[in-house]
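Predicted model only: the values in this text are computed from it and were never measured. Throughout, residue positions are numbered sequentially from 1 according to the sequence presented.
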Amino acid sequence: MSEIGSQSKLEVRRVAGHIGAEIAGVKLSGDLDAATARAIREALFAHKVIFFRGQQHLDEQSHEAFGRLLGDLVAHPTVPTVAGTESVMNIDGGRGNRASAWHTDITFIEAYPQASILRALVVPEYGGDTMWANTAHAYQSLPGKIKDLANDLWAVHSNAFDYSVPRPRAAAGEHMRRYFDVFSSTVYETEHPVVRIHPETGERTIVLGAFVRGFVDLPRADFGHIFTMLQEYVTRPENTVRWRWAVGDVAIWDNRATQHRAIDDFGTQPRLHRRVTVAGDVPVSVDGRRSVMRRKESNERVAAAAAGS
């Protein structure tokens with residue numbers, strides 16, 4: 001155990017070698033003092049994802065109130081929020097909403113979130129863990145010539161399909177079709193540098209994941225090989241942490257320095273989480289260029305389907 005923050009009594013226990021820490025000694029709320037909030041941010045930057053047990057007292061309002069201590073909250077650009085909230089997103093794995101591919105949240109927009117705060121309401125008896133990967137450490141582990149390649153690459157991110165659409169399931173198929181229609185009701189495409197500079201730590205982090213559709217100015221035939229190679233550096237086991245959820249757990253991750261995925265191994269059991277996200281900034285590449293949104297338009301296929309229903 002170690003303490004963080006000169007005025008904080010928080011206890012931090014590392015969970016894995018290169019990412020993840022569990023924090024004890026704090027009851028999350030919007031009433032935390034400035035020193036504690038600052039210490040939580042310090043731990044987040046140091047460990048990339050931090051975990052809190054026993055936070056069953058949180059509801060939608062206190063979840064949002066705590067989130068505001070870390071920054072301005074932002075709603076998902078297409079998926080509706082929980083009724084009566086500014087930004088709370090419902091993630092119902094029991095109804096097929098399973099983010100079971102490696103991704104960074106909402107990278108299809110220009111200033112994607114800086115952090116996400118996820119709390120567990122219902123957990124399966126077995127399975128349903130979540131994994132995170134440290135994209136700053138992944139960059140550090142690249143050989144020099146591959147770093148040079150990654151530094152020069154830009155990628156196109158889009159929500160034209162949803163990472164969480166599962167393989168066909170009799171029970172979830174229609175629900176997931178409707179969810180996908182909502183998710184892609186407005187189509188976004190944004191160009192991000194594959195390597196960005198983290199504005200708080202100065203680290204170089206890799207920006208890839210399941211929303212990537214291709215690399216700028218590279219043939220499609222070359223995309224798969226290069227993408228797979230870089231992604232494999234991100235998701236190497238020694239670069240990850242896996243969390244077994246209990247009701248009342250809260251995870252906060254640095255969305256500018258991680259990827260994550262839910263493990264789809266819990267069958268038909270219920271699994272329910274709720275999430276708020278903290279507004280982010282436009283990524284800056286190693287040579288000082290900023291990300292650019294190149295498309296935002298209504299999905300005509302979805303609109304036509306809605307008109308005909």
Side-chain angles (χ1 to χ4, degrees), residues 4-5 7-12 21-45 47 49-95 97-99 104-106 109 111-124 128 130 132 164 175 179 182-183 185 200 243 245-256 258 260 262 270-281:
I4 57 174
Q7 302 179 52
S8 172
K9 298 180 181 179
L10 307 187
E11 294 182 335
V12 181
E22 182 177 346
I23 296 181
V26 61
K27 182 178 181 179
L28 299 179
S29 77
D31 298 324
L32 293 178
D33 60 84
T36 300
R38 183 168 58 251
I40 289 172
R41 284 180 61 83
E42 291 173 1
L44 179 62
F45 296 144
H47 299 286
V49 57
I50 51 179
F51 305 102
F52 301 80
R53 297 283 195 187
Q55 306 295 318
Q56 291 94 328
H57 62 279
L58 287 175
D59 58 13
E60 274 63 65
Q61 288 68 41
S62 54
H63 190 173
E64 288 188 314
F66 168 70
R68 292 188 189 99
L69 296 180
L70 302 183
D72 295 332
L73 301 186
V74 60
H76 193 282
T78 58
V79 178
T81 60
V82 172
T85 71
E86 172 189 350
S87 61
V88 178
M89 182 179 179
N90 202 52
I91 301 175
D92 189 348
R95 301 191 69 188
N97 186 355
R98 306 182 181 201
T104 297
D105 284 335
I106 319 180
I109 66 172
Y112 61 85
Q114 64 167 284
S116 293
I117 306 167
L118 186 69
R119 80 184 206 273
L121 280 73
V122 178
V123 301
T130 302
W132 286 264
S164 69
H175 172 77
Y179 175 82
V182 171
F183 188 92
S185 56
E200 303 285 349
W243 187 253
W245 292 98
V247 172
D249 285 358
V250 170
I252 309 173
W253 61 93
D254 183 343
N255 199 51
R256 299 176 292 199
T258 58
H260 61 281
R271 181 184 187 272
L272 179 65
H273 290 70
R274 287 190 171 159
R275 186 184 84 195
V276 301
T277 55
V278 181
D281 52 289

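Closest approach of Leu73 and Gly67 over heavy atoms only: CD2-C, 3.6 Å. Of all non-hydrogen atoms in Met89 and Val82, the two that sit nearest each other are C-CG2, 4.4 Å. In plain terms, the two heavy atoms of Val12 and Ala21 that are nearest each other are CG1-CB, 3.6 Å. Across all non-hydrogen atoms, the minimal contact from Asn255 to Pro113 is ND2-O, 3.0 Å. For the pair Ser62 and Leu58, the tightest heavy-atom approach, listed with the atom from each and the gap, is OG-CA, 3.3 Å. What you find for Ala262 and Arg271 is that their closest heavy atoms are CB-NH2, 4.1 Å.
Remark: Ile50 CD1 to Ile23 CD1 distance equals 4.0 Å, nearest 0.5 Å. Here the CH2-NE2 distance, from Trp132 to His47, works out to 15.0 Å after rounding to the nearest 0.5 Å. Between Tyr112 atom OH and Ile106 atom CD1 the span is 11.5 Å, to the nearest 0.5 Å. Rounding to the nearest 0.5 angstrom, the gap separating the CD atom in Glu200 from the CG atom in Leu44 is 9.5 Å. Residue Ile252 holds its CD1 atom at 10.5 Å from CZ of Arg41, rounded to the nearest 0.5 Å. Taken to the nearest 0.5 Å, the NE2 atom of His273 stands 14.0 Å off from the CD1 atom of Ile117.
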Applying side chain to side chain contact (heavy atoms under 4.5 Å, CB included), run through Val49 and Asp254 and close with a yes or a no. CA-CA 6 Å; Val49 57; Asp254 183 343; over 6 Å; no

From CA spacing to verdict: side chain to side chain contact (heavy atoms under 4.5 Å, CB included), Leu69, Ile40: CA-CA 10 Å; Leu69 296 180; Ile40 289 172; over 6 Å; no

Do Phe66 and Lys27 pass the side chain to side chain contact (heavy atoms under 4.5 Å, CB included) test, and can you show the C-alpha distance, the side-chain angles, and the key distance before you say yes or no? CA-CA 10 Å; Phe66 168 70; Lys27 182 178 181 179; over 6 Å; no

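Evaluation of the side-chain hydrogen bond (donor to acceptor under 3.5 Å, both in side chains) rule for His63 yields Arg119 as partners, not counting sequence neighbours. By the side-chain contact (heavy atoms from CB on, under 4.5 Å) test, Ser116 pairs with Asp105, Trp253, Arg275, Thr277, sequence neighbours left out. Residues satisfying the side-chain contact (heavy atoms from CB on, under 4.5 Å) test with Ala246, not counting sequence neighbours, are Arg53, Asp249. Considering only residues two or more places apart in sequence or on other chains, Ser87 meets the side-chain hydrogen bond (donor to acceptor under 3.5 Å, both in side chains) condition with Glu64. By the side-chain contact (heavy atoms from CB on, under 4.5 Å) test, Asp31 pairs with Ser29, sequence neighbours left out.
Checking Thr81, Leu70, Val88 one by one against Val276, the side-chain contact (heavy atoms from CB on, under 4.5 Å) holds for a single residue, Val88. Of the candidates Thr85, Asp59, Asn90, Arg274 forms a side chain to side chain donor-acceptor pair (under 3.5 Å) with just one, namely Asn90.
At a threshold of 4.5 Å between non-hydrogen side-chain atoms, the residues Trp245 and Leu118 count as touching. Proximity of Val247 to Val122: side-chain heavy atoms (C-beta onward) are nowhere separated by under 4.5 Å.
Sorted by first and then second residue, the salt bridge (charged side-chain N to carboxylate O under 4.0 Å, His left out) pairs with a member in residues 71-83 form an empty list; sequence neighbours excluded.
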